[in-house]
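The first residue in the sequence is number 1, and the count goes up from there. Side chains included, hydrogens not; waters and symmetry mates left out as well; all remaining heavy atoms used.
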Amino acid sequence: MGNATRTAIISDRRITGLSAAVIAELVAGVGPLWHERHQARLASRPRKRAVGAGAKHSLVFIDRLLATLVFLRHGVTYDVLACWFGVDRSTVTRAIGEVRPLLAEQGCTVSPHVRLRTLAEVVGHLGETGKTGIIDGTEIRVRRPAVGRKDRGKFISGKNKQNAVKAMVFTDGDRRLLFCSPTEPGSRADITHARELGLVKLLADGSAVEILADAGYQGLGAQTGGRVVTTPAPQIQEECPGLVRGDSRAPAQGPLLTPHPGRARHRAPEELADTGSSPRSARAHGRHRPSHRRPTVPAADRRPVPGSDVSTEAPPTSSTSHR
């Protein structure tokens with residue numbers, strides 16, 4: 001890729017979603033790490049050529065970084081990136097596979113001198129600042145795995161009914177990104193993913209923090225001593241307008257659902273014993289239902305029951321003979 005095209009990508013924020021200053025910081029921070037790992041990979045196998053010999057990289061590090069940022073921003077295919085950068089598809093695949101782990105290790109910068117890399121650092125930061133955290137699971141659609149793969153069904157999301165991977169996103173009250181977990185198959189539940197990341201242990205042993213979550217994380221509040229607050233059920237929100245959103249504690253008094261005035265109320269056996277009436281049996285109840293009434297058959301059309309001596313034929317009429 002030429003310098004003019006590279007400059008156009010960096011200057012236009014719509015392509016990568018980052019400003020030129022942020023991209024320059026990534027080049028300065030991730031570039032040495034990539035070069036170090038690349039040299040260690042070369043030194044781990046026997047050398048067949050002299051130092052500096054062989055073909056040069058068709059995709060320099062800054063181009064590898066830009067291709068990875070475009071892929072994460074827009075989700076384009078590797079073939080499109082290969083045509084754009086003028087290399088083979090395998091080169092783009094290998095470049096993205098090398099740069100993505102390096103970007104994940106950089107973490108999230110919340111202030112000029114604070115960078116959060118792990119979930120434990122995020123929980124500690126919220127405990128020190130006293131801010132409220134927000135967790136939620138997000139799904140990213142992926143291609144369907146190949147036929148014959150043993151874990152092919154794990155990527156089917158039960159919510160979106162499509163093949164996807166899921167990640168847990170951690171933000172604060174100011175909507176600032178603090179942590180994004182590694183992806184898991186789409187069939188993994190949100191609460192299961194949070195437990196596997198060690199969130200329950202970090203909240204139980206760490207400082208007192210408050211984390212808001214949706215109904216997919218119900219159950220973490222009891223395991224973390226109420227530090228995870230989930231949203232109440234929809235019917236509780238409708239019947240209890242005074243209940244604050246995000247508070248899982250329902251009012252101690254007052255019915256949750258108001259019965260319809262035209263609907264018959266089911267009475268307990270104790271109430272029936274006090275009034276002296278007894279509930280009707282199911283058979284007695286069924287006799288009065290219109291759908292269970294037996295049809296009336298005229299006497300002339302009735303057939304004799306097998307095994308009975310009663311004849312249903314009409315008696316012969318007696319005629320008076322006149323001799």
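A heavy-atom distance below 4.5 Å is not found between the side chains of Lys161 and Ile156. A 4.5 Å side-chain heavy-atom check between Leu178 and Cys108 finds every atom pair outside the cut-off. You'll find the side chain of Phe170 reaches within 4.5 Å of the side chain of Leu199, heavy atoms only. Within the 4.5 Å cutoff, the side chain of Glu210 has heavy atoms near those of the Val229 side chain. Residues Val110 and His125 form a side-chain contact, since some pair of their non-hydrogen atoms from C-beta on lies under 4.5 Å apart.
With Leu203 as reference, Val228 is the one residue of Leu220, Val228, Leu126 to meet the side-chain contact (heavy atoms from CB on, under 4.5 Å) rule.
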Exercise. Kindly indicate, with the supporting measurements, whether the criterion side chain to side chain contact (heavy atoms under 4.5 Å, CB included) is fulfilled by Val70 and Trp84.
Key: CA-CA 11 Å; Val70 173; Trp84 194 8; 4.0 Å; yes
Practice problem: Carefully, step by step, assess Ser90 and Asp88 under the rule side-chain hydrogen bond (donor to acceptor under 3.5 Å, both in side chains). | Solution: CA-CA 5 Å; Ser90 60; Asp88 191 73; 2.8 Å; yes
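Here the straight-line distance linking atom CZ of Phe85 with atom OG1 of Thr5 works out to 9.5 Å at 0.5 Å rounding. Residue Gln106 holds its CD atom at 6.5 Å from CZ of Arg117, rounded to the nearest 0.5 Å. Within the model, atoms OG1 of Thr224 and OH of Tyr217 stand 13.0 Å from one another, a figure rounded to the nearest 0.5 Å. Separation of atoms CG (Leu116) and CZ (Arg176) is listed at 10.0 Å; rounding is to 0.5 Å. Remark: Thr230 OG1 to Gln218 CD distance equals 4.5 Å, nearest 0.5 Å. Rounding to the nearest 0.5 Å gives a distance of 11.5 Å between OG1 of Thr118 and CG of Leu197.
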Side chains of residues 182-190: which donor-acceptor partners sit under 3.5 Å, not counting sequence neighbours?
residue, atom, partner, partner atom, Å
Ser187, OG, Lys154, O, 2.6
Arg188, NH1, Glu196, OE1, 2.6
Arg188, NH1, Glu196, OE2, 3.2
Asp190, OD1, Lys166, NZ, 3.0

Result block: side-chain N/O donor-acceptor pairs under 3.5 angstrom for residues 132-142, not counting sequence neighbours:
residue, atom, partner, partner atom, Å
Glu139, OE1, Ser157, OG, 2.9
Glu139, OE1, Asn160, ND2, 2.6
Glu139, OE2, Ser157, OG, 2.8

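Between Pro145 and Asn163, the closest heavy-atom pair is CD-OD1, 3.6 Å.
The salt bridge (charged side-chain N to carboxylate O under 4.0 Å, His left out) test applied to Asp174 returns Lys131, not counting sequence neighbours. Remark: His35 engages Gln39 in a side chain to side chain contact (heavy atoms under 4.5 Å, CB included) (not counting sequence neighbours).
Under the 4.5 Å side-chain heavy-atom criterion for Ile, Leu, Val, Met, Phe, Trp and Tyr, Met168 and Phe155 are members of distinct hydrophobic clusters. Note on Val165 and Phe71: separate hydrophobic clusters, where clusters join Ile, Leu, Val, Met, Phe, Trp and Tyr whose side-chain heavy atoms are under 4.5 Å apart, directly or indirectly. Residues Val22 and Leu177 do not share a hydrophobic cluster, defined by chaining ILVMFWY side chains whose heavy atoms lie under 4.5 Å apart. Val169 and Leu103 fall into different hydrophobic clusters, defined by Ile, Leu, Val, Met, Phe, Trp and Tyr side-chain heavy atoms under 4.5 Å apart, directly or through other members. With hydrophobic clusters built from ILVMFWY side chains whose heavy atoms lie under 4.5 angstrom apart, Ile96 shares a cluster with Leu72.
Side chain of Arg64 to backbone of Leu59: a donor-acceptor contact under 3.5 angstrom is found.
Under the side-chain hydrogen bond (donor to acceptor under 3.5 Å, both in side chains) criterion, the residue pairs touching residues 24-34 are Trp34-Glu98, with sequence neighbours excluded. Pairs of residues two or more places apart, or lying in two chains, that qualify as side-chain hydrogen bond (donor to acceptor under 3.5 Å, both in side chains) and include a residue from residues 12-22 are Asp12-Arg14.
For CZ of Arg152, the number of neighbouring non-hydrogen atoms (other residues, nucleotides, ligands) closer than 6.0 Å is greater than 12.
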